2 protein chains.
Amino acid sequence: MGTREQIVEAANRLFYQQGYERTSFASIAETVGISRGNFYYHFKTKDEILEAVLEARLQDTRAMLARWTEGAATPLKRVFRFVEIVVANRADIEHYGCPVGTMTSELAKLDHPSRAQAVDIFRVFRDWLREQFTELGHAANADDLALQVLAFSQGVATLSNAFGERGYVKREVERLKTRLMSLDT
Amino acid sequence: MGTREQIVEAANRLFYQQGYERTSFASIAETVGISRGNFYYHFKTKDEILEAVLEARLQDTRAMLARWTEGAATPLKRVFRFVEIVVANRADIEHYGCPVGTMTSELAKLDHPSRAQAVDIFRVFRDWLREQFTELGHAANADDLALQVLAFSQGVATLSNAFGERGYVKREVERLKTRLMSLDT
DNA sequence: CGCACATTAGGACAACTGTCCTAAAATCTC
DNA sequence: GAGATTTTAGGACAGTTGTCCTAATGTGCG
C-alpha cells in the first residue's frame, strides 16, 4: 500500500478515536512510521488530510450501501441492515461514538470549511434509506422515515457512548425493527 | 459577579461553542478581560476549569428540572417540557449541537478523567424522566422510556446540527408528543 | 493610618503546533 | 549504468499551548 493511502488510513482512525483537533501532524506521521518531512510531501496542510479522509469515508459508505442494495432481497431487510450497524460496531461506538455524527459535530464547532463534506456522508445514508422506504411503498413520507431511522441510530450511539450499558443497543435495535415491520405490506 | 464565576461562565460558553480541546487558556482570559496570570490564580489547570464548568452545568440542570417538577401539573406535561428543549434551543443546536451530547462525546474521545462527570448530567435527565414515567403509571419500563426520550432528543439534535433544515425539529417533536400521549391513561 | 491578605498583571518557560526548506536517498527511464 | 524524477529524512521556523513565577496593586481590618 502506498504511503499516501497509509496516511489517510491512519488519519481516518485517529480522527475517529481522538477527534480532528486533538490529532496532530506528528502523531499521524508517527503512526504511519514516516518523518514529518515526508508527510509534508503528500499533504501540505492538515485540512488537506481531512478532505482526503472524508473523501475516503464517502466512497467507503457508497460502496457499502451498494453492496447492501445488491445483497439484501427486500427493502425492509436493507433497512434492517442499516439499523444493525450500531450493533455490529457497538464496541467502537461505546469508546468513540458514531464516526459520522461525532465528526460533523466537531467540524460544526470548529466552523470548518469541510463541514459540508462531512454532512454529505449523512446525506448518502439518508438518500439510500429514502429509496428503501419508497420501494416499501411509503414514497409519500419516505424522507421522514429515513430521518427517523437516522435519528434513532444517532441517539442510540450517543447514549451507548455515554452510558455503555450492556444490552442497551441490542434492545433498542430490536424495538425499532419491530416497529419497522409494521410498515411492511 | 466575581472573577471566578465570570471565568466559569465564559469557559462554559466557549467549551460549548468551540469544544474543550479547541478552547485555550488565553481565549478564556481574553473573553473575560483578565490577564493569563490572574487566570492562574483562580484555576491551576485547564482540567480544573472543566470540572467547575461541569459542576455548574450539573447544578443548573438540577435547578431547571426542579422548577419543571413544580411548574408543570402532570408528569406528561413535564416530559413534554423536556422534549421541547430542542425546540427552544433550536438555533444554538443547529450551530453547536446539544451541549450534553457533544461534551460527553468529546471527553470520551479525549479519554478525559472528567468524562464521568459529564455523563452524570445525562444521568440527572434520565432519572428525572424515569420518575415522570413512573408517575404516569409505567413504572415497569420507566427507565426504558426515559432512555427512548433521551435518545430521541440526541438524534434530533445531531441531525438538526448536521442538516439545519427548517421545520425539522418542530415536526419531530410534535410526532413524539403524539406518541407519548398514547401512554397517558 | 499601617499592615496583612487577596487579587491582579506581565512575562518566562519548555513543549508542541502546523508549516516549510533543503539535501540525501530511492526509483524509474533510457 | 547515467540521468531525471519521485520520495524520503531531518531540521528550522514562528506562533501557540498549558503552566508557573514574581512583583505590583487593590482591599479589608485593627
Side-chain angles (χ1 to χ4, degrees), chain A residues 1-56 102-103 106-115 117-118, chain B residues 1-56 102-103 106-115 117-118:
Chain A
M1 187 170 47
T3 305
R4 197 192 145 94
E5 284 100 331
Q6 285 189 358
I7 292 175
V8 172
E9 192 179 287
N12 193 349
R13 196 171 57 249
L14 288 172
F15 288 169
Y16 175 43
Q17 295 178 348
Q18 316 184 339
Y20 173 71
E21 185 74 16
R22 184 61 171 322
T23 304
S24 69
F25 247 73
S27 73
I28 302 174
E30 193 188 8
T31 301
V32 180
I34 61 175
S35 66
R36 296 207 320 283
N38 186 11
F39 200 122
Y40 183 72
Y41 172 76
H42 295 281
F43 295 97
K44 300 299 176 199
T45 69
K46 204 179 165 183
D47 292 356
E48 271 185 37
I49 312 172
L50 179 60
E51 279 183 44
V53 166
L54 291 175
E55 185 56 36
T102 55
M103 177 66 91
E106 183 177 3
L107 296 187
K109 278 185 204 282
L110 299 178
D111 201 20
H112 195 283
S114 292
R115 179 188 178 187
Q117 221 178 331
Chain B
M1 185 170 50
T3 305
R4 198 191 144 94
E5 285 100 331
Q6 282 187 314
I7 292 174
V8 173
E9 193 180 286
N12 193 350
R13 196 170 57 249
L14 288 172
F15 288 169
Y16 175 43
Q17 296 177 347
Q18 316 184 339
Y20 173 71
E21 185 74 17
R22 184 60 171 324
T23 303
S24 69
F25 248 72
S27 72
I28 302 174
E30 193 188 7
T31 301
V32 180
I34 61 174
S35 66
R36 295 207 320 283
N38 184 12
F39 200 121
Y40 183 71
Y41 172 76
H42 295 281
F43 296 97
K44 301 298 176 200
T45 69
K46 203 179 167 183
D47 292 355
E48 270 184 38
I49 311 173
L50 179 61
E51 279 184 43
V53 166
L54 291 175
E55 185 57 36
T102 55
M103 176 65 91
E106 183 176 5
L107 296 186
K109 278 185 204 284
L110 299 178
D111 201 20
H112 196 283
S114 291
R115 179 188 178 185
Q117 220 177 332

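Keep in mind that the numbers below use all heavy atoms, side chains included, and drop hydrogens, waters and symmetry copies. Numbers restart at 1 for each chain; the letters A, B, ... are given by sequence-line order, proteins then strands. Small disclaimer: the values here were computed from a predicted structure and weren't measured.
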**Student:** So if I take every side-chain heavy atom of F25(A) and compare against dA9(D), dG11(C), dT19(C), which nucleotide ends up nearest?
**Tutor:**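 Nearest nucleotide to the side chain: dT19(C).
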
**Student:** Does a side-chain N or O from H42(A) land closer than 4.0 Å to OP1 or OP2 of dT8(D), or not?
**Tutor:**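 Looking at the OP1 and OP2 atoms of dT8(D), one of them is under 4.0 Å from a side-chain N or O of H42(A).
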
**Student:** Test side chain to side chain contact (heavy atoms under 4.5 Å, CB included) on Q18(A) and D111(B) and set out the steps.
**Tutor:** CA-CA 8 Å; Q18(A) 316 184 339; D111(B) 201 20; over 6 Å; no

**Student:** Please check this pair: side chain of K46(A) against backbone of T23(A), looking for a donor-acceptor N/O pair closer than 3.5 Å.
**Tutor:**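 Looks like yes, one N/O pair under 3.5 Å.
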
**Student:** So if I take every side-chain heavy atom of Y41(B) and compare against dT19(D), dA9(C), dT8(C), which nucleotide ends up nearest?
**Tutor:**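 Of the candidates, dT8(C) comes closest.
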
**Student:** In this structure, how many angstroms lie between the P atom of dT17(C) and the CZ atom of F43(A), rounded?
**Tutor:**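 It is 19 Å, rounded to the nearest whole Å.
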
**Student:** Check every atom of dT19(C), dG11(C), dA9(D) against the side chain of R36(B) and return the nucleotide holding the closest atom.
**Tutor:**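 The nucleotide sitting nearest to the side chain is dG11(C).
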
**Student:** Rounded off to whole Å, could you give me the CD-to-P distance for the E21(A) and dG18(C) pair?
**Tutor:**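 In whole Å, dG18(C) P lies 8 Å from E21(A) CD.
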
**Student:** In whole angstrom, give the distance that lies between atom CD1 of I34(A) and atom P of dA24(C).
**Tutor:**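 Rounding to the nearest Å, CD1 of I34(A) and P of dA24(C) are 21 Å apart.
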
**Student:** Whole Å only: how far is the CZ atom of F39(A) from the P atom of dG18(C)?
**Tutor:**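 My rounded result for the distance is 9 Å.
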
**Student:** CZ of R22(A) versus P of dC16(C): gap in Å, rounded?
**Tutor:**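 In whole Å, dC16(C) P and R22(A) CZ are 12 Å from each other.
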
**Student:** Please check the phosphate of dC16(C) (OP1 and OP2 only) for any side-chain N or O of S24(A) closer than 4.0 Å.
**Tutor:**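 Checking S24(A) against dC16(C): no side-chain N or O falls below 4.0 Å of OP1 or OP2.
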
**Student:** If we ignore hydrogens and angles and just use 3.5 Å, is the side chain of S24(A) paired with the main-chain N or O of S27(A) as donor and acceptor?
**Tutor:**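 The answer is yes, because a donor-acceptor pair under 3.5 Å joins these two groups.
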
**Student:** Would you say E5(B) has more than 12 foreign heavy atoms packed within less than 6.0 Å of its CD?
**Tutor:**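 Atom CD in E5(B) is packed in, count exceeds 12.
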
**Student:** Answer yes or no: is there a side-chain heavy-atom contact under 4.5 Å between R22(A) and F15(A)?
**Tutor:**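 With C-beta onward as the side chain, the pair stays apart.
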
**Student:** Side-chain N or O of N38(B) versus OP1/OP2 of dT7(C): is the shortest distance under 4.0 Å?
**Tutor:**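 No, N38(B) has no side-chain N/O under 4.0 Å of OP1/OP2 on dT7(C).
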
**Student:** Distance check needed: dT17(C) P versus L14(A) CG, whole Å only.
**Tutor:**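 Answer to the nearest Å: 12 Å.
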
**Student:** If you check every side-chain atom of T45(A), which of dT7(D), dT19(D), dT19(C) has the closest atom?
**Tutor:**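 For T45(A), the side-chain atoms sit closest to dT19(C).
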
**Student:** Please check the phosphate of dC20(D) (OP1 and OP2 only) for any side-chain N or O of Y40(B) closer than 4.0 Å.
**Tutor:**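 Checking Y40(B) against dC20(D): at least one side-chain N or O falls below 4.0 Å of OP1 or OP2.
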
**Student:** Grab the NZ-C1' distance between K46(B) and dC20(D) for me, whole Å please.
**Tutor:**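 Taking atom C1' of dC20(D) as the reference, NZ of K46(B) is at 17 Å.
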
**Student:** Is T23(B) touching bases, backbone alone, or none of the nucleic acid, heavy atoms closer than 4.0 Å?
**Tutor:**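 Answer is sugar-phosphate: T23(B) comes under 4.0 Å of backbone atoms only.
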
**Student:** Output the rounded distance in Å from CD1 (I28(A)) to P (dC16(C)).
**Tutor:**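 My rounded result for the distance is 17 Å.
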
**Student:** Could you pick out which residue, G37(B) or T3(A), lies toward the 5' side of DNA chain D when each is mapped onto its nearest nucleotide?
**Tutor:**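 Of the two residues, T3(A) wins.
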
